[in-house]
Amino acid sequence: MSKRLFQVMPLVEIENFQHMRIRGDLLLETIADNHMIFIHEDYRIKIEADSFHVKLLRDELLALDMENLKKIELTRIED
Amino acid sequence: MKKSREYRIVRIRIKRTKRVPAFLTALTKNNIVLRHLITTENEVSFHTTRKNLRIIRKLRYQYGITFRIESLDDDHVLRKEWIVYAGLLILFAIPFFFSQWIWQVSVENATPEQTDELFETLHEMHLAGPFLKRDKPDDTIIRQNILTKHRDLSWVHIHRRGSRIIFEPLAAPIIENEVINDPIKGNLIAKKNGVVTHFNLSKGERVVEENDAVKNGQLLVTGILKRGEKDIIYGAEGEVYADYWIESEFSLPKEITYQTMGEKTYHFRWANEKKTEKEWKVANLPKWFSMIGEVYIQQELIKKKVTIDEKSVEDFVIPLLHQKYLEKLPRKTVVKQEKLLNVTIDNDTVKGKVLFLVNENIAIKQAINQGD
């Protein structure tokens with residue numbers, strides 16, 4: 001659950017396919033030049049782009065700028 | 001200061017290994033905020049505040065990570081810290097605050113007694129010590145108040161230079177008071193020949209009338225009242241004004257040179273330099289400054305040359321003579337008219353005669369011989 005005021009549910013926002021904000025329980029799994037993988041709540045999110053710039057990363061919040069987004073893959077993690 | 005240092009921003013550059021994502025997650029779970037996280041081929045870098053370094057170092061051993069710390073804003077003159085903002089605010093606020101006050105009040109070109117008296121008056125007006133500029137009344141009001149309290153002054157110059165106010169009093173010309181209460185009872189007689197124009201009597205009976213021509217020594221106002229055969233002496237007092245002519249001769253060189261005041265200029269002189277002759281006054285400066293030198297004011301004197309002709313006699317010789325006679329004659333005397341009788345101009349001198357029609361109090365008291 002998110003600790004943010006008025007934001008109790010997990011949230012993924014994509015703006016203009018260039019900016020992305022993820023709120024909620026977050027784990028960084030892989031970080032590379034062209035792709036990133038996060039575990040967000042019960043899902044694995046894989047993003048592929050030319051380059052990344054993480055503007056802010058803190059507990060339960062990620063603000064990300066992406067250049068030339070190629071793929072976002074969302075997979076449910078099965079037990 | 002130490003506390004503000006904790007909030008300075010550092011850049012941490014980590015060599016890329018498989019453990020880096022887990023290390024970064026661990027940092028966020030420890031409430032560390034990471035900004036501007038960038039990944040390159042060999043390393044991952046991010047910005048954080050210096051206060052987090054202790055936890056980051058602790059976690060680094062757990063995860064076997066190596067990194068470098070770069071200080072980012074040590075070179076910045078104005079860092080984004082409250083102390084910097086507070087300093088800036090004080091930097092501008094203090095001069096602004098102090099500029100709102102008049103700090104120094106001084107009296108120049110006055111005798112020590114005048115200075116003391118003036119300071120007393122200024123103290124009463126709450127203008128002696130530091131006071132707010134906006135509380136200062138208008139110069140005209142200050143001057144009016146000073147002049148009403150100091151009858152010996154004819155004017156007060158008020159100069160304001162920054163946070164300093166300078167009063168420069170000008171003394172009024174000394175007027176000798178006439179003796180009014182003369183205990184001797186007597187008649188008023190004429191001390192000069194003339195034509196009576198008007199009377200200003202407090203006691204006595206007129207013997208002559210207005211427009212009468214009177215001679216030196218003639219009785220003007222009697223102080224003896226006749227009641228039947230008995231004479232009562234009560235004395236005559238007052239003024240009798242009469243017109244008379246004064247003839248004045250003058251002789252001047254044809255060419256006159258004179259000096260007038262020109263511009264004031266400020267000059268600097270080192271402490272070991274000699275004084276110049278042209279120096280007029282030394283400016284008031286703080287004492288410590290006298291170790292280095294002093295600033296003196298030089299008064300420019302402009303030499304002027306005038307060649308006198310008939311016109312210039314009327315233009316400025318007559319007014320000068322007019323002024324000269326007025327100074328010599330008693331108070332309340334009026335020069336009614338000037339007449340230039342003749343002017344002769346030689347090679348090097350100008351000679352002439354001027355008549356002045358003067359209206360003056362010609363009455364003087366003559367004691368009554370009570371033995372009669």
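Each chain gets a letter, A, B and so on, in the order the sequences are listed, and its residues count up from 1. Note that this is a predicted model, so its numbers are computed, not measured.
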- Which of B/H47, B/H36, B/K18 touches chain A most, by non-hydrogen pairs under 4.5 Å: B/H36
- Message: Under 4.5 Å from any heavy atom of chain B, what part of A/L26 do you find: side chain, backbone, both or neither?
- Response: backbone
- Charged N to carboxylate O below 4.0 Å: is that the case for B/R13 and B/E70? yes
- Item | Heavy-atom pair count under 4.5 Å with chain A, highest-scoring of B/I38, B/V44, B/L34 | B/L34
- Item | Among the listed options A/L27, A/I31, A/V54, the residue most often paired with chain B at heavy-atom distances under 4.5 Å | A/V54
- If you tally heavy-atom pairs under 4.5 Å between each of B/L27, B/L24, B/T40 and chain A, the highest tally belongs to B/T40
- Task: Run the salt-bridge test on B/K149 and B/E120 with the 4.0 Å N-O cut-off and return the result as yes or no.
- Result: no
- Look at A/K70 together with A/D50 and state whether they make a salt bridge at an N to O cut-off of under 4.0 Å. yes
- With a 4.5 Å cut-off on heavy-atom pairs, point out which of B/I32, B/V20, B/T25, B/L37 contacts chain A the most. B/L37
- Query: Should B/R164 and B/E108 count as an ion pair when the cut-off is N to O under 4.0 Å?
  - Reply: yes
- Side chain, backbone, both or neither: which part of A/A63 has a heavy atom under 4.5 Å from chain B? neither
- Item | Residues A/R21 and A/E15 bridged, charged N to O under 4.0 Å | yes
- Residues A/E60, A/R58: salt bridge by 4.0 Å N-O rule: no
